[in-house]
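We name chains A, B, ... by the order of the sequence lines, and we start the count at 1 in each one.
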Amino acid sequence: MKIKLKIWRQESAEAKGGFVSYDLEGVSKEMSFLEMLDYLNSTLIEGDEEPVAFEHDCREGICGCCSLFINGRPHGPAGETTTCELRMTQFEDGSEIVIEPWRSRVFPVIRDLIVDRSAFDKILQAGGFISANTGAAPEANSIPIAKHKADEAFDAAICVGCGACVASCPNGSAMLFVAAKVSQLALLPQGRAEAKKRVRKMVAKMDELGFGACGNIGACEAECPKGIKISHIARLNREFLRASI
Amino acid sequence: MSTFLGASVGRKLVVGISGLFLVLFLVVHLVVNLTLLAGPETYNTVAHWMGTNPAVLGMRPVLVLGLLLHIAVSMYLSVSNLRARPRRYLKVDPAGGSTWASRNMFILGVCIILFLALHLSSFSIRMTFGSVDMVEISGVLMKDAYALVTTRFSLWWYVSLYSVAMVLLGLHLAHGVQSSLQTIGLNDHRWRERWASLGLAYAVVVAVGFAILPIYFFVQAQMS
Ligand code: SF4
Ligand code: FES
């Protein structure tokens, strides 16, 4: 099939950047979205043009690298899908596809479609861990955990840190990400010991970096490729309130 | 405390709690308004009681403080939110999940403030500080609040503005109630839908309940 691409091109962090259109023929429905971009890049390289820079790694939905804003939605139109899992079957022959980088003050564009998401790492470093002595792993069954708690913690833990929540939020808030990380640890006994300190530090870091405040709009939840629910944000709010009084 | 108010989550809590306080206030306000339907004597007596009872008068500064906090903190947050996304997308498709009201709480809030200014200047401020005709009911001389309200409600432009404002207020509440409950942490996957339905039902009752009165008195004034 034949598609029309409109892609954000930006040479460097300092460059101004703008949209460039490409007509791409010979795309097959079987291609994944990233394979289509690989194919575009091969044609660009053949024509002695700079290939489009985009981030990708695992290509199986677990690393969270592939952060593209496709036709007005992070990770494209499929829902609960990362960009790398997106197939060209989602698009009609002859359709136009607009591809933009995440837009957030805290995620500056480095080049073309790649943004710097190291702000997420900084939030994790502020408190998204448990302090434990290294050494032999403790016996797994020595701390009993209720099944529903374990399941809920796991639902939060599957966040891949892609940043689609920030990208989709009209306020540029990182609350879904932070809430997933806070929840995952707050729900488990191992995480309780540092729960109060953790939530305060992670929220403070999130604010300091310049993310917006949550308006409970719910766009993040609708666009999260891992289906993280905003009920985790309510848990973060509870944890924060508990830590403050 | 400084870390509490210094954090976005703490500020959101202030907006949520003050919002829920205003939600309760609106219920009281609506109940008082509905006594208009019981006629001048009842309404004037209620208005007189509200204007003289020390407990009710004591709540006034609390109400003003709640309202100012709600406005100031949410304005502050809205401005910092704009800074967090300096560059817009070329194409945005808000596919499901988010409602129009939730994305436009700031604009809705500003419209409500504008209406509030008009509303306060035509009723509350005149009742408290202005000169209003007096009536005597069961031997007590009191301000004729009923006449003040019904005269206003016979003006087509006021009734239209009032009705539009109530639709906007309804939209603000439809998101605001559930959002506040989420902000204070009272939410999980089971309560989500229930709060959303409750918030919507509340918003409809409040908006329709308030709007019905000016429309009723306007129609009545036209017929007499
Ligand atoms: S919460 Fe969802 S959208 Fe946000 S970073 Fe995690 S996986 Fe991505
Ligand atoms: S490339 Fe790893 S999640 Fe898409």
Completion exercise
Partner of Asn216(A) under side chain to side chain contact (heavy atoms under 4.5 Å, CB included), picked from Ser180(B), Ser102(B), Ser179(B), is Ser179(B)
Handout entry: Lys91(B) and its side chain to side chain contact (heavy atoms under 4.5 Å, CB included) partner, picked from Ile97(A), Val98(A), Ile99(A), Ile70(A)
Key = Val98(A)
Problem - Leu90(B) versus chain A, the contacting section by heavy-atom distance below 4.5 Å - result: both
Exercise for the section: Identify which part of Arg192(B) has an atom lying under 4.5 Å from any heavy atom of chain A, answering side chain, backbone, both or neither. Expected result: side chain
For atom [atom1] of [X], is the number of surrounding heavy atoms from other residues, nucleotides or ligands below 6.0 Å larger than 12?
{"X": "Phe154(A)", "atom1": "CZ", "answer": "no"}
{"X": "Glu11(A)", "atom1": "CD", "answer": "no"}
{"X": "Trp156(B)", "atom1": "CH2", "answer": "no"}

Between [X] and [Y], which heavy-atom pair has the shortest distance, and what is it?
{"X": "Ala7(B)", "Y": "Val203(A)", "result": "CB-CG1, 3.9 Å"}
{"X": "Arg103(B)", "Y": "Pro170(A)", "result": "CG-CG, 3.9 Å"}
{"X": "Asn237(A)", "Y": "Gln182(B)", "result": "ND2-O, 3.1 Å"}
{"X": "Ser104(A)", "Y": "Pro86(B)", "result": "C-CD, 4.5 Å"}

Select, from [options], the one with the greatest count of heavy-atom pairs under 4.5 Å involving chain B.
{"options": "Leu241(A), Val106(A), Ile230(A)", "result": "Ile230(A)"}
{"options": "Ala204(A), Cys169(A), Ser173(A), Gly172(A)", "result": "Cys169(A)"}
{"options": "Ala213(A), Pro77(A), Ser231(A)", "result": "Ala213(A)"}

Exercise for the section: Answer whether the closest heavy-atom distance between the side chains of Val109(A) and Arg87(B) falls below 4.5 Å. Expected result: no
Exercise for the section: May I ask you to test the Arg85(B)-Arg103(A) pair for a side-chain heavy-atom distance under 4.5 Å? Expected result: yes
Can you tell which part of [X] gets under 4.5 Å to a heavy atom of chain B, answering side chain, backbone, both or neither?
{"X": "Arg235(A)", "answer": "neither"}
{"X": "Phe211(A)", "answer": "backbone"}
{"X": "Leu209(A)", "answer": "neither"}
{"X": "Phe19(A)", "answer": "side chain"}
{"X": "Ala167(A)", "answer": "both"}
{"X": "Pro101(A)", "answer": "backbone"}
{"X": "Asp207(A)", "answer": "side chain"}
{"X": "Ile233(A)", "answer": "both"}
{"X": "Val199(A)", "answer": "neither"}
{"X": "Ser168(A)", "answer": "backbone"}
{"X": "Cys214(A)", "answer": "backbone"}

Exercise for the section: Determine the option with the most heavy-atom pairs under 4.5 angstrom with chain A, choosing from His175(B), His189(B), Arg11(B), Gln178(B). Expected result: His175(B)
Practice task
Count the heavy-atom pairs under 4.5 Å between each of Leu186(B), Thr183(B), Val92(B) and chain A, then report the option with the highest count.
Solution key: Thr183(B)
Let me confirm one number: the [atom1]-[atom2] distance from [X] to [Y], rounded to the nearest 0.5 Å.
{"X": "Asp188(B)", "Y": "His232(A)", "atom1": "CG", "atom2": "NE2", "result": "10.5 Å"}
{"X": "Ile217(A)", "Y": "Ser98(B)", "atom1": "CD1", "atom2": "OG", "result": "7.0 Å"}
{"X": "Phe69(A)", "Y": "Asp93(B)", "atom1": "CZ", "atom2": "CG", "result": "8.5 Å"}
{"X": "Ser80(B)", "Y": "Asn171(A)", "atom1": "OG", "atom2": "CG", "result": "8.5 Å"}

Exercise for the section: Kindly say whether Gly212(A) contributes a backbone atom to a donor-acceptor pair with the side chain of Asn81(B) at under 3.5 angstrom? Expected result: no
